Chemist: 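This structure is in structure tokens; I'll ask about it shortly.
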Amino acid sequence: MIAQVLAAALALTASQAPVSVPATRGSPQVSLPFPSGNVQTYNIIQWDPNQLPRIYERSDQLPLTDAELTKLSQAGFEPADLVKMIEERRCACDASADGLIKLKKAGVDKAVLAAVSRHGLAPNRALDLLVTLDFTGESRTAREAFLYFFVDDGDITRVFTANIPELLQRRNRHETMVDRSDILVARTVRRVQLAGKVDLKTYGPHRVLVAASASPTLTHPSQLTEQERAKAQTYTFDYPRSSLQSLCRLTAGYRRDAVLTYKWNFEGSRFECEWN
């Protein structure tokens, strides 16, 4: 009886009268007709709830890693328990063919491997890079007009550059603060922040070189002059295959020249990354 009532209710056609939607106080009455055309009737009683996707209750714990999963498996945890952990916590694991083969050789059960493949975090494709430039002192331009960010990516070197004079002429969102570290002289600091993505295709150790140069056409660190190389900073980081976040911060500092007071000198940089 219930199925017949529902089927009849869902079989309303365009020939019927328009449906009136109750208006709220102070609003005009709205009439919404059914669309004209073919009519399809669905008996929702026949829907199978088992065909709907499962809803997983996620944990606030950090995702498991390959090493942790192998450790738990070798410690005697049941495959069903490990699958449940992966469903709740996700897995920052290597779900590639090589990664799954490595886990299998370590003794991880095939049901756990299937859970890794299904619930593993998406592989990283790029870094979210936040660049902060601090200009200390009242000057107008930079002695080294270009800031370079070199990062190796397998067989290639990715190059990112900032044209400092052009950047300072733009109406970028910036903060102005006062540096009172010197009790005798208070210095104005202009801070400019830029955000973007750095595409990276290879995982594992990477090397970064941050340098300032007067040349606008550098494509490799080997083109830096000896003086520019002496002032550059080198950093290394381990790029994971997957993680909750891939955020790196680059901070570069410029200070007013003691002689040519209308120019800023590149003083150095700092680079750091966060994954989980």
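In this chain, residues are counted from 1 in sequence order. Just so we're clear, the structure is a prediction, and the values are computed from it rather than from any experiment.
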Chemist: Would you say Val83 and Met85 make side-chain contact, with heavy atoms under 4.5 Å?
Modeler: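 The answer is no; the side chains never approach within 4.5 Å.
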Chemist: Answer whether the closest heavy-atom distance between the side chains of Leu147 and Thr161 falls below 4.5 Å.
Modeler: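 They are not in contact (no side-chain heavy atoms under 4.5 Å apart), so the answer is no.
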Chemist: Do the side chains of Leu69 and Trp275 join up, straight or via other hydrophobic residues, at under 4.5 Å, putting them in one cluster?
Modeler: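 Shared cluster, no.
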Chemist: Write down the atom of Thr70, the atom of Ala106, and the distance for their closest heavy-atom approach.
Modeler: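 What the structure gives for the nearest pair is CG2-CB, 3.6 Å.
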Chemist: So which heavy atom on Pro165 is nearest to which on Ala145, and how close?
Modeler: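 Closest pair (atom of Pro165, atom of Ala145, distance): CD-O, 3.3 Å.
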Chemist: Say whether Gln223 and Thr219, considering side chains only, have a donor N or O and an acceptor N or O under 3.5 Å apart.
Modeler: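 Result is yes, a qualifying pair exists.
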Chemist: Could you name each residue pair satisfying salt bridge (charged side-chain N to carboxylate O under 4.0 Å, His left out) that touches residues 199-225, not counting sequence neighbours?
Modeler: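 Applying salt bridge (charged side-chain N to carboxylate O under 4.0 Å, His left out) to every pair that reaches into residues 199-225, excluding sequence neighbours, yields nothing.
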Chemist: For a 4.5 angstrom cut-off between non-hydrogen side-chain atoms, does Arg190 reach Leu168?
Modeler: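 Yes; the side chains approach each other to less than 4.5 Å.
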Chemist: If two hydrophobic side chains count as joined below 4.5 Å and joins carry through other members, does Phe146 share a cluster with Ile164?
Modeler: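 No, separate clusters.
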Chemist: Can you confirm whether the side chains of Ser269 and Tyr235 place a donor and an acceptor under 3.5 Å from each other?
Modeler: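 Ser269 vs Tyr235: donor-acceptor pair found between side chains.
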Chemist: Only one of Phe237, Phe271, Phe150 forms a ring-ring contact (aromatic ring centres under 6.0 Å, His included) with His206, so which one is it?
Modeler: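 Per the ring-ring contact (aromatic ring centres under 6.0 Å, His included) rule, the option paired with His206 is Phe237, out of Phe237, Phe271, Phe150.
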Chemist: List the steps and the verdict of side chain to side chain contact (heavy atoms under 4.5 Å, CB included) for Lys102 and Asp66.
Modeler: CA-CA 9 Å; Lys102 185 177 179 180; Asp66 297 87; over 6 Å; no
Chemist: Identify the heavy atoms of Leu121 and Ser242 that sit nearest to each other, and give their distance.
Modeler: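 Answer, listing the atom of Leu121 first, then Ser242: O-CB, 3.7 Å.
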Chemist: Under 3.5 Å, is there a donor-acceptor pair between the side chain of Lys231 and the main chain of Ala211?
Modeler: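 Not a single qualifying donor-acceptor pair exists.
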Chemist: Roughly how far apart are Arg89 CZ and His119 NE2, rounded to 0.5 Å?
Modeler: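 Arg89 CZ to His119 NE2: 14.5 Å, rounded to 0.5 Å.
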Chemist: Considering residues at least two apart in sequence or located in another chain, which fulfil the side chain to side chain contact (heavy atoms under 4.5 Å, CB included) criterion with Lys110?
Modeler: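 Lys110: no side chain to side chain contact (heavy atoms under 4.5 Å, CB included) contacts found.
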Chemist: Do Asp153 side-chain atoms and Ile156 backbone N/O form a donor-acceptor pair below 3.5 Å?
Modeler: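 Checking the backbone N and O of Ile156 against the side chain of Asp153, no donor-acceptor pair under 3.5 Å is found.
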Chemist: Are any non-hydrogen side-chain atoms of Leu133 and Arg191 less than 4.5 angstrom apart?
Modeler: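 Not in contact.
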Chemist: Would you compute the distance between atom CZ of Phe160 and atom NZ of Lys197 and round it to the nearest 0.5 angstrom?
Modeler: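 Answer for the CZ-NZ pair, Phe160 versus Lys197, is 12.0 Å.
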Chemist: Can you tell me if Glu68 uses its side chain to pair, donor with acceptor, with the backbone of Thr65 under 3.5 Å?
Modeler: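 Checked: pair present.
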Chemist: Would you say Leu127 ends up clustered with Leu247 if hydrophobic residues are merged whenever their side chains have heavy atoms under 4.5 Å apart, either directly or through other cluster members?
Modeler: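 Leu247 does not cluster with Leu127.
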Chemist: Between Val210 and Leu250, does the side chain to side chain contact (heavy atoms under 4.5 Å, CB included) criterion hold? Intermediate values first, please.
Modeler: CA-CA 9 Å; Val210 180; Leu250 170 64; 3.6 Å; yes
Chemist: Does a donor on one side chain sit under 3.5 Å from an acceptor on the other, for Thr157 and Asp152?
Modeler: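 Absent: no donor and acceptor within the cut-off.
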Chemist: In Å and rounded to the nearest 0.5 Å, what is the SG to CD distance from Cys91 to Glu88?
Modeler: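 Here the interatomic distance stands at 13.5 Å.
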Chemist: State which residues pass side chain to side chain contact (heavy atoms under 4.5 Å, CB included) with Ala95; sequence neighbours excluded, sorted by chain then number.
Modeler: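 Ala95: side chain to side chain contact (heavy atoms under 4.5 Å, CB included) contacts with Val116.
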Chemist: Would you call Leu82 and Leu64 a side-chain contact if the rule is heavy atoms closer than 4.5 Å?
Modeler: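 They are not in side-chain contact.
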Chemist: Decide yes or no on side chain to side chain contact (heavy atoms under 4.5 Å, CB included) for Leu129 and Phe149, but give the supporting numbers first.
Modeler: CA-CA 11 Å; Leu129 181 63; Phe149 176 86; 4.3 Å; yes
Chemist: Does any donor atom in the side chain of Ser213 or Glu144 lie under 3.5 Å from an acceptor atom in the other side chain?
Modeler: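 No, no side-chain donor-acceptor contact under 3.5 Å.
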Chemist: For Ser246 and Asn124, test the side chains for any donor-to-acceptor distance below 3.5 angstrom and give the result as yes or no.
Modeler: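 Checked: Ser246/Asn124 side chains pair up, N/O donor to acceptor below 3.5 Å.
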Chemist: Is there a path of hydrophobic side-chain contacts, each under 4.5 Å between heavy atoms, that joins Leu194 and Phe266?
Modeler: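 Yes, Leu194 and Phe266 fall within the same hydrophobic cluster.
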Chemist: Closest heavy-atom contact between Tyr239 and Ala126?
Modeler: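 Smallest interatomic distance, heavy atoms only, reads OH-N, 3.3 Å.
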Chemist: Indicate the atoms forming the closest heavy-atom contact of Asp238 with Pro240, along with that distance.
Modeler: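 Minimum heavy-atom contact is O-CD, 3.2 Å.
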Chemist: Under the salt bridge (charged side-chain N to carboxylate O under 4.0 Å, His left out) test, which residues partner Arg241, sequence neighbours left out?
Modeler: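 Arg241 satisfies salt bridge (charged side-chain N to carboxylate O under 4.0 Å, His left out) with Asp94 only.
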Chemist: Among pairs that include at least one residue of residues 125-144, which meet ring pair (Phe, Tyr, Trp, His ring centres under 6.0 Å), considering only residues two or more places apart or in two chains?
Modeler: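 Counting only pairs at least two positions apart or across chains, the ring pair (Phe, Tyr, Trp, His ring centres under 6.0 Å) contacts touching residues 125-144 are Phe135-Tyr254, Phe135-Trp264.
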Chemist: Could you state the interatomic distance from CG (Leu113) to CD1 (Ile101), rounded to the nearest 0.5 Å?
Modeler: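 Spacing of CG (Leu113) from CD1 (Ile101) equals 10.5 Å.
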Chemist: Establish whether Leu200 and Tyr148 are linked, either directly or via other cluster members, by ILVMFWY side-chain heavy-atom contacts under 4.5 Å.
Modeler: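 No, no single cluster joins them.
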Chemist: Taking Thr225's backbone N and O only, do any of them form a donor-acceptor pair with Glu228's side chain (distance below 3.5 Å, no angle check)?
Modeler: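 Flag set: sc Glu228 to bb Thr225 pair under 3.5 Å.
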Chemist: For the residue pair Arg143 / Asn265, report whether a side-chain donor-acceptor contact shorter than 3.5 Å exists.
Modeler: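 There is such a pair (donor and acceptor under 3.5 Å, judged by atom type) between the side chains of Asn265 and Arg143.
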Chemist: Does a donor on one side chain sit under 3.5 Å from an acceptor on the other, for Ser73 and Asp109?
Modeler: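 No, no side-chain donor-acceptor contact under 3.5 Å.
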Chemist: For residues Asp128 and Leu130, determine if any side-chain heavy atom of one lies less than 4.5 Å from a side-chain heavy atom of the other.
Modeler: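 Sidechains of Leu130 and Asp128: no contact.
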Chemist: Show, in sequence, the C-alpha distance, side-chain angles and deciding distance for Leu218 and Val159, and conclude whether the side chain to side chain contact (heavy atoms under 4.5 Å, CB included) test is met.
Modeler: CA-CA 8 Å; Leu218 300 187; Val159 185; 5.8 Å; no
Chemist: Once salt bridge (charged side-chain N to carboxylate O under 4.0 Å, His left out) is applied, what residue pairs with a partner in residues 259-276 remain, sequence neighbours excluded?
Modeler: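 As it turns out, the salt bridge (charged side-chain N to carboxylate O under 4.0 Å, His left out) pairs with a partner in residues 259-276, which skip direct neighbours, are Arg249-Glu274.
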